[in-house]
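Here the structure is laid out as structure tokens; the discussion comes afterwards.
All ligand and atom numbering here is 1-based and tracks the order in the structure.
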Amino acid sequence: MRMSSSIASIGIGIVGSLCTPAPLPADETPAAAQVKLREQVGDRLLIGAAIDARMLDNPAYANLVATQYNSITAGNEMKPDALQKVKGTFTFDRADRMVDFAQKNKMAVVGHTLLWHSQCPKWLFEDESGKPLSREEALENLRTHITTVVKHFKGRVIGWDVVNEALSDAPNEYLRDTPARRAIGDDYIIQAFRFAHEADPDVELYYNDYNIEADYKLPKAVRLIQELQAANVRLDGIGIQGHWLIAHPEMAELERGFAVLAATGVKLMVTEVDVDPLPRRRAGADVNASEAGQNPYLDKLPPEVDAALAKRYGQLFDLMVKYANEGKLSRITLWGVDDGTSWLNDWPVRGRTNHALLFDRQHKPKAAFFAVSKSLSAIKP
Ligand code: XIL
């Protein structure tokens, strides 16, 4: 299948042509202006970034996002605690602003996320003493949340990360122990997909997680995909988060993982790419994990580390472009735009100066940006 037709089929048509963003203030950095990732890929691939609503007040940042990317994900604004912190009170203003920005600039919006163990209000699945609610009560809360949110964004969001990070990192344990699972049972994932599909039969539905392409978690991911397929729920894509390190996982492991996940027949999306050049003990992206650690690069990366970061980005994008060209991968989203606002400045070590993205703190494109652009130039027409 050609990528253009698969993108058409995921509803990108609703936001118009991806190649021609609306005119914006001419204040972007001259270096960035020369290469535009969204122009390079046209309508053959969704290339996106996670953004924060408050950053859109900065015209240079907004302009950078709109000229480089044809899609966005809300970094926080569509998570359950952002949309329904208090039971029955929905707050859509910040998320709506982001959607308006995307529509104005002919960008697709990905909804992230309907259900996650983190950034999820306690009342959804627990009583005041922290005990799990009854299955019926928890299902009703989940149904109301998903139905209201999905209907609110109907026609303006191309797809939802329905469930985020349900798989366990522990050996011999399949599903993560979460408040939703304790209250509802193992079928909470299937139920979430059903509620989302009932609320909007046209919207795409994804399962999203980190390290699912890594050897230790891959069999669990395949099992979950197969269980969702066997339950006949709508599953359009599997989101490989892609929070990677410079040297880990090795390319060979990633290649194996991509191949096995693609063989399930579900479209691949790489949904949260960043490459951490700072030392740390564990890979992946478990938000509950924290570490003590050094903060070695207070200004910028030394040239050899900057070059290693760029080389790694190039290799990763070569792999993703290969799958895109085979019609098996429809989106690549970076988890952030510039180094200054990356979540990796505070995770897994708080208060570091990280350099994991394509643009530096002055919004200038880094060597990694040009490596990515080079890889994207191999996208087939
Ligand atoms: C992160 C946000 O970027 C941070 O601002 C927030 O403090 C914590 O969550 N995996 C995910 C994302 O699926 O939702 C997380 O986003 C990063 C890890």
Would H243 and W347 satisfy ring pair (Phe, Tyr, Trp, His ring centres under 6.0 Å), going step by step from the backbone distance to the final call?
CA-CA 11 Å; H243 294 290; W347 185 92; 7.5 Å; no
Within the protein, residues bringing a heavy atom under 4.0 Å of ligand 1, chain by chain
N76, K79, H112, W116, Q119, N164, E165, Q241, H243, E272, W335, W343
Looking at Y210 and W244, would you say the former's side chain and the latter's main chain have a donor-acceptor pair under 3.5 Å?
no
NE2 (H152) and CG (L83) are apart, to the nearest 0.5 Å, by 8.0 Å
Lys/Arg N to Asp/Glu carboxylate O, E198 vs R143, below 4.0 Å
yes
Cation-pi check, R234 to F193: give yes when NZ or CZ is under 6.0 Å from the six-membered ring centre and within 45° of the ring axis, no otherwise.
no
Just checking, is any N or O donor in the side chain of D274 or W343 under 3.5 Å from an acceptor N or O on the other one?
yes
